[in-house]
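Residues take their numbers from the sequence shown, with the count starting at 1. Quick note: numbers below take in every heavy atom, side chains included, and nothing from hydrogens, waters or symmetry partners. Everything numeric in this text was worked out from a predicted model, so none of it was measured.
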Amino acid sequence: MEINWQANLWRKEFRFMRGKLIVGLLKKNAWSTGGYGEFNGSLLRFKQKKWWKSSTIIMDIEGKSEIGSITYNLLKRSAIIIINDQTYNWKFRNWLHNSWEVVDADGSAVFTANNWGKKGTIAIDNMNPAGVLAAMYAREKLLTYIS
């Protein structure tokens with residue numbers, strides 16, 4: 001399945017679309033290091049563990065229970081995403097940081113970006129929607145760490 005995504009001017013909001021139908025949304029908080037989103041029925045909240053730590057807590061949408069984490073490896077430009085005991089390996093596919101992928105035991109998703117990172121596509125092959133949503137968040141967070 002192929003999904004298109006588009007960001008607003010400041011890359012604080014991302015919309016996931018199948019054709020003209022919006023199938024998901026990711027919003028980064030303007031004044032904090034968290035965010036929340038929905039994609040194909042998966043509702044997640046992201047919260048930075050501590051400002052000096054390179055990890056993110058993944059919570060249910062109400063923010064009441066922790067369901068996973070994202071641990072960033074800044075040197076390798078990669079991350080490990082864990083959601084409900086499912087592990088996803090995330091990495092950039094090139095040095096331009098305009099292509100990245102996430103892989104788990106069951107499937108994968110390949111992301112591409114163009115137009116200065118404001119538009120792109122996601123080619124999803126049997127990937128859990130929560131993994132896709134967390135992979136988009138991980139890319140944005142890694143870009144802030146390495147830039």
Side-chain angles (χ1 to χ4, degrees), residues 1-64 66-83 88-104 107-147:
M1 162 177 42
E2 186 160 298
I3 300 291
N4 294 312
W5 62 268
Q6 184 173 350
N8 68 355
L9 182 62
W10 297 278
R11 289 188 12 204
K12 296 291 182 192
E13 180 177 299
F14 298 82
R15 294 182 183 198
F16 302 100
M17 295 161 287
R18 190 177 305 117
K20 293 185 179 190
L21 178 66
I22 296 174
V23 294
L25 180 72
L26 174 64
K27 289 189 110 177
K28 296 182 342 186
N29 296 344
W31 305 111
S32 69
T33 56
Y36 62 92
E38 186 275 332
F39 178 63
N40 280 352
S42 288
L43 300 155
L44 301 175
R45 183 168 297 280
F46 303 95
K47 182 179 178 187
Q48 193 66 25
K49 204 166 195 174
K50 293 188 178 173
W51 69 271
W52 67 88
K53 300 272 187 182
S54 57
S55 62
T56 299
I57 297 170
I58 302 173
M59 306 177 83
D60 64 0
I61 196 64
E62 291 89 19
K64 294 181 180 174
E66 185 175 333
I67 60 171
S69 64
I70 306 172
T71 304
Y72 307 99
N73 184 328
L74 303 180
L75 293 175
K76 292 185 177 181
R77 308 287 202 256
S78 64
I80 301 293
I81 302 169
I82 299 172
I83 303 172
Y88 303 87
N89 293 305
W90 186 102
K91 67 177 182 176
F92 281 114
R93 298 180 80 200
N94 61 26
W95 64 273
L96 294 172
H97 304 134
N98 63 2
S99 182
W100 62 101
E101 68 183 339
V102 62
V103 178
D104 71 356
S108 64
V110 176
F111 298 72
T112 59
N114 55 28
N115 192 17
W116 295 283
K118 300 231 167 78
K119 290 183 180 182
T121 61
I122 311 168
I124 303 169
D125 181 25
N126 199 32
M127 173 67 61
N128 183 324
V132 174
L133 187 60
M136 189 69 173
Y137 183 85
R139 185 254 187 173
E140 291 302 305
K141 186 53 70 178
L142 265 170
L143 284 179
T144 61
Y145 284 135
I146 62 178
S147 55

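Once rounded to the nearest 0.5 Å, the distance linking CD1 of Ile124 with CE of Met1 reads 4.5 Å. Rounding to the nearest 0.5 Å gives a distance of 11.0 Å between CG of Asn40 and CG of Leu43. One distance of note links CG of Leu142 with CG of Asn73; it measures 9.0 Å at 0.5 Å rounding. Atom CG of residue Asn98 and atom CZ of residue Arg93 lie 10.5 Å apart, to the nearest 0.5 angstrom. To the nearest 0.5 Å, atoms CZ (Arg45) and CD1 (Ile61) are separated by 5.0 Å. Taken to the nearest 0.5 Å, the CD1 atom of Ile122 stands 6.0 Å off from the CE atom of Met136.
Here the side chain of Gln6 pairs no donor or acceptor atom with the backbone of Phe16 at under 3.5 angstrom. Counting only distance, with no hydrogens or angles, the side chain of Lys91 and the backbone of Arg77 share no donor-acceptor pair below 3.5 Å. Put simply, the side chain of Arg11 never gets that close to the backbone of Asn8: no donor and acceptor are under 3.5 Å apart.
Aromatic ring orientation, Trp100 versus Phe92: perpendicular (interplanar angle above 60°, classes split at 30° and 60°).
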Stepwise, does the side chain to side chain contact (heavy atoms under 4.5 Å, CB included) test hold for Ile81 with Asp104?
CA-CA 9 Å; Ile81 302 169; Asp104 71 356; over 6 Å; no

Under the side chain to side chain contact (heavy atoms under 4.5 Å, CB included) rule, what do Lys119 and Asn4 come out as? Steps first, then yes or no, please.
CA-CA 8 Å; Lys119 290 183 180 182; Asn4 294 312; over 6 Å; no

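Of all the heavy atoms in Ser99 and Thr112, the pair that sits closest is OG-CG2, 4.2 Å. The two residues Met127 and Ala109 have their closest heavy-atom pair at CE-N, 3.9 Å. In plain terms, the two heavy atoms of Val23 and Glu38 that are nearest each other are O-OE1, 3.7 Å. Between Ala134 and Ile83 the shortest heavy-atom distance is CB-CD1, 3.9 Å. Contact detail for His97 and Leu143: the closest heavy-atom pair is CB-CD2, 4.0 Å. For the pair Pro129 and Ser42, the tightest heavy-atom approach, listed with the atom from each and the gap, is CB-OG, 3.7 Å.
Heavy atoms from other residues, nucleotides or ligands lying under 6.0 Å from NZ of Lys118 number more than 12. Open room surrounds CZ on Arg15; 12 or fewer heavy atoms of other groups in view lie less than 6.0 Å from it.
Here the side chains of Lys141 and Gln48 are in contact, with some heavy-atom distance below 4.5 Å. Side-chain atoms of Phe39 and Leu26, non-hydrogen and from C-beta on, never get closer than 4.5 Å to each other. Using a 4.5 Å heavy-atom cutoff, the side chains of Ile70 and Ile80 are not in contact.
Checked options Tyr88, Phe46, Trp90; the residue passing with Tyr137 is Phe46 (criterion: ring-ring contact (aromatic ring centres under 6.0 Å, His included)).
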